[in-house]
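A short worksheet on the structure shown next.
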Amino acid sequence: MVDTALTRPSRAQAPPPPPRARRARAGQGIAYLFLSPWIAGAALLTIGPMAASLYLSFTDYNLFDPPEWVGLDNYTTMVTGDQRFWHAAGVTTRYVLLSVPLKLGLALAVALLLNRSRRGVGLYRSAFYAPSLLGASVSVALVWRAMFSTGGTVDEALSALGLDLGGWVDQPQYALYTLVALAAWQFGAPMVIFLAGLKQVPRELHEAAAIDGAGPLRRFTAITVPMLTPVILFNLVLEVINAFQAFTGAFVVSSGRGGPSDSTLLYPLYLYQRGFTDFRMGYASAMAWVLLAVVAVITALVFRSARRWVFYAGEEGR
Amino acid sequence: MPRLARRAGVPLTAALLLSAALAGCGGGASDDGSVTLRFVWWGNEDRAKVTNQAVEEFQRRNPGIKVETEYSGYDAYFQKLSTQVAGGAGPDLLQLDRATVGEYAGRGVLADLTEHVGGHIKTDDIPDTLLAGGEVGGKQHAIPAGQTTQMLVFDPAPFTAAGATVPSAPGEKWTWAQFAEAVNKVGAAGSVAGTTDFGWAVDWFEVWLHQNGEALYTGDGKLGFDAAKLTEYWTMVSALRPGKGATAPEVTTKMDGSVQNSGMVTKQSASEIGYDSSLTGYFTSYGPTVRTAPLPSDTAESGMAALPPVLFGVSQRSKHKDAAAKLLDFLVNDPDAGKVLGASRGVPPNSEVREQVCGAAVDATKLVCDHESAQEDKIGPSFGPWPTGSAAVKRDFQRTYDDVIFNRVGIAEAAERVVRDAEQALGS
């Protein structure tokens with residue numbers, strides 16, 4: 001090391017890399033080698049298809065014939081001439097607005113319950129987390145459909161209580177709520193993150209507040225929630241993005257049709273229909289890019305708003 | 001050496017993976033000269049069982065040809081098929097229906113079978129009216145896998161209990177008003193609706209149009225009806241709902257043309273309009289008490305037609321078109337195949353095979369044969385294949401009818417929307 005310091009070249013000369021850097025570069029080579037499968041995968045399976053889909057979004061492509069360049073036609077048709085596009089966008093907005101707060105609320109509530117050391121708490125944590133592992137699967141969506149259809153468990157239970165609504169999945173005014181319930185039921189992932197966040201809340205703060213006479217509710221709103229805001233932000237962003245992409249549940253519950261009467265026609269489902277049942281891949285690609293843009297804008301807005309309500313420990317009050 | 005191994009490792013692995021992937025795309029002739037065909041269809045378990053039996057017999061007779069089969073439900077079938085075809089991994093022999101044969105032939109997916117006809121594929125005993133169902137643009141793109149016609153399938157018990165009569169003897173017919181009276185009686189009497197609401201399927205509207213001297217599509221693939229006609233038809237069907245003559249919207253919205261999801265098999269109606277090729281399904285899923293009747297008509301025309309329920313086509317990209325044509329011919333024309341397949345895709349298209357199958361028929365197959373022969377003099381020629389874009393028309397038709405039954409839109413406005421959407425779908 002001393003040696004290097006003595007012979008360090010002036011800036012004007014072409015600097016031969018010091019051994020440390022050379023070693024680092026060699027290390028980089030190995031790193032790249034190990035990364036190469038991932039890089040190849042990203043290029044082949046992510047960037048390539050994305051570029052292809054961007055290109056296709058400017059074409060008329062029916063899967064069988066070669067794509068035909070149509071410029072912005074797909075985008076203009078979507079915005080000006082496609083009622084179902086706007087309908088699907090509306091259904092998705094409702095779905096996001098209903099399912100995300102419900103899911104996060106449930107996740108936080110259960111995380112609070114499970115944030116105590118009791119006997120068997122590990123079991124409960126696993127039990128509440130399990131639906132998240134199963135949730136995206138087709139089989140659960142099938143069970144959901146059976147439960148909420150006419151004569152299903154939920155219908156029977158509600159009838160027993162005197163609420164004769166019929167099956168939810170078969171009626172346009174209720175069908176979307178089945179999907180919202182399916183999403184909310186999978187609160188396990190945000191719950192685990194909330195739990196981790198709750199563990200970070202310093203116990204001294206609670207103790208100090210308790211000594212000052214703050215009740216549990218006050219301690220929750222004045223200490224727990226502010227300390228948890230970074231975690232809330234994280235979960236919110238993640239869940240909003242997820243909710244915009246919700247597909248499996250709607251696809252299975254409505255047999256791929258988005259029915260009854262288009263009431264469960266989530267945006268990704270309509271995209272899928274355009275691509276795979278109407279053979280309009282170009283149009284579907286354009287829809288995908290619009291979705292990407294909208295989700296990006298909404299995520300940016302959420303991050304922006306975060307300045308007003310997210311509190312990072314170590315920051316002084318502003 | 002370790003250095004070399006490390007350097008060579010990545011490309012080597014990549015090459016291995018690539019070759020494995022390419023091999024996976026396989027199919028094709030293997031070293032011993034044998035040929036592997038992929039044959040796909042949609043349908044229920046019954047159809048799968050007999051089809052696989054027939055395929056086994058074919059393989060036994062043609063040791064050089066190996067057949068891989070695959071089947072699924074209707075929707076899943078076409079979603080998978082279109083993706084596979086687009087990716088260049090389509091099957092060699094595939095099943096199509098009237099809505100898709102025009103679609104796939106028009107898009108160049110199907111091989112022109114004209115050159116095989118008379119060679120590998122014999123069509124001498126298949127009626128021309130039926131063959132016309134596989135003719136797109138003047139060329140034979142698919143061969144009918146059977147013959148079917150429309151029917152009203154019903155359970156006599158609830159009708160008798162309600163004091164309603166159904167004309168099921170050969171030669172008998174009824175009007176739409178008589179039909180409405182009968183199903184309304186059943187609806188008023190029992191716990192089930194008289195019939196499954198049939199306004200959702202463009203197929204039955206097509207029959208009604210033919211009864212009135214019109215058609216769903218013109219000869220050159222344009223829309224053959226206007227919004228006024230559809231309004232008239234949907235108004236007639238909708239009049240059945242209030243009296244429980246037809247099923248409630250929650251039931252109707254679930255219809256997808258499959259027997260297992262139908263209103264009758266799920267015990268929510270006492271009858272429904274269908275194709276007689278589905279009778280085997282009703283027989284096993286509903287029970288052997290089912291009977292058939294002709295569709296009602298207010299004119300001299302029954303509107304019923306001899307249609308190919310499904311057709312077989314050979315993929316344009318298949319490397320083994322001859323072998324695929326051979327398998328197709330076997331399924332359609334071979335007496336042994338006919339014996340095994342029975343009426344699982346309607347009565348056999350080959351008239352000799354049909355005679356033989358119907359002569360020995362029992363149970364469900366007998367029902368199909370009986371319906372075909374009872375209606376024989378009323379069944380008109382095939383309506384021909386539907387044009388490119390008709391699959392979208394069929395879907396839009398059902399979706400819009402959903403809006404009608406849930407009172408989200410008026411019938412006249414809905415009919416106009418169907419016409420507008422259809423003109424767009426057919427134009428593209």
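Protein chains get the first letters and strands the later ones, always in sequence-line order, with residue 1 at the start of each. Predicted, not measured: the structure shown is a model, and the values here were computed from it.
- In this structure, A/Y177 places its OH atom where only 12 or fewer heavy-atom neighbours from other residues, nucleotides or ligands lie under 6.0 Å away.
- In this structure, A/Q273 CD and B/R399 CZ are separated by 7.5 Å, a value rounded to the nearest 0.5 Å.
- Heavy-atom pairs under 4.5 Å with chain A peak, among B/Q398, B/Q79, B/E103, at B/Q79.
- Heavy atoms closer than 4.5 Å to chain A are found in both the backbone and the side chain of B/D256.
- Taking A/P172, A/S263, A/G275, A/S149 one by one and counting their heavy-atom pairs under 4.5 Å with chain B, the maximum is reached by A/P172.
- B/S82 pairs with exactly one of A/L63, A/N62, A/T277 by the side-chain contact (heavy atoms from CB on, under 4.5 Å) rule, that one being A/L63.
- At a 4.5 Å heavy-atom cutoff, the contact between A/F251 and chain B is made by side-chain atoms alone.
- Summarising the geometry, atom CD belonging to A/Q83 is positioned 8.0 Å from atom CG belonging to B/D421; distances are rounded to the nearest 0.5 Å.
- Note that CZ of A/F279 and CZ of B/R107 are 6.5 Å apart. Values are rounded to the nearest 0.5 Å.
- Within the 4.5 Å cutoff, the side chain of A/V169 has no heavy atoms near those of the B/E250 side chain.
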Output, in order, the C-alpha distance, side-chain angles, deciding distance and verdict of salt bridge (charged side-chain N to carboxylate O under 4.0 Å, His left out) for A/D262 and B/R408. CA-CA 11 Å; A/D262 273 357; B/R408 302 197 140 196; over 6 Å; no
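- At least one donor-acceptor pair closer than 3.5 Å links the side chain of A/R257 to the backbone N or O of B/T253.
- Aromatic pair B/Y104/A/F64: ring centres closer than 6.0 Å.
- A/D65 touches chain B through its side chain: at least one heavy atom from C-beta onward sits under 4.5 Å away, while N, CA, C and O do not.
- For the set A/G256, A/P260, A/A40, A/S261, the entry with the most heavy-atom pairs within less than 4.5 Å of chain B is A/S261.
- Heavy-atom pairs under 4.5 Å with chain A were tallied for B/D402, B/V409, B/T252, B/T400; the largest tally goes to B/D402.
- Annotation: B/K267, atom NZ; neighbour count of heavy atoms from other residues, nucleotides and ligands within 6.0 Å is above 12.
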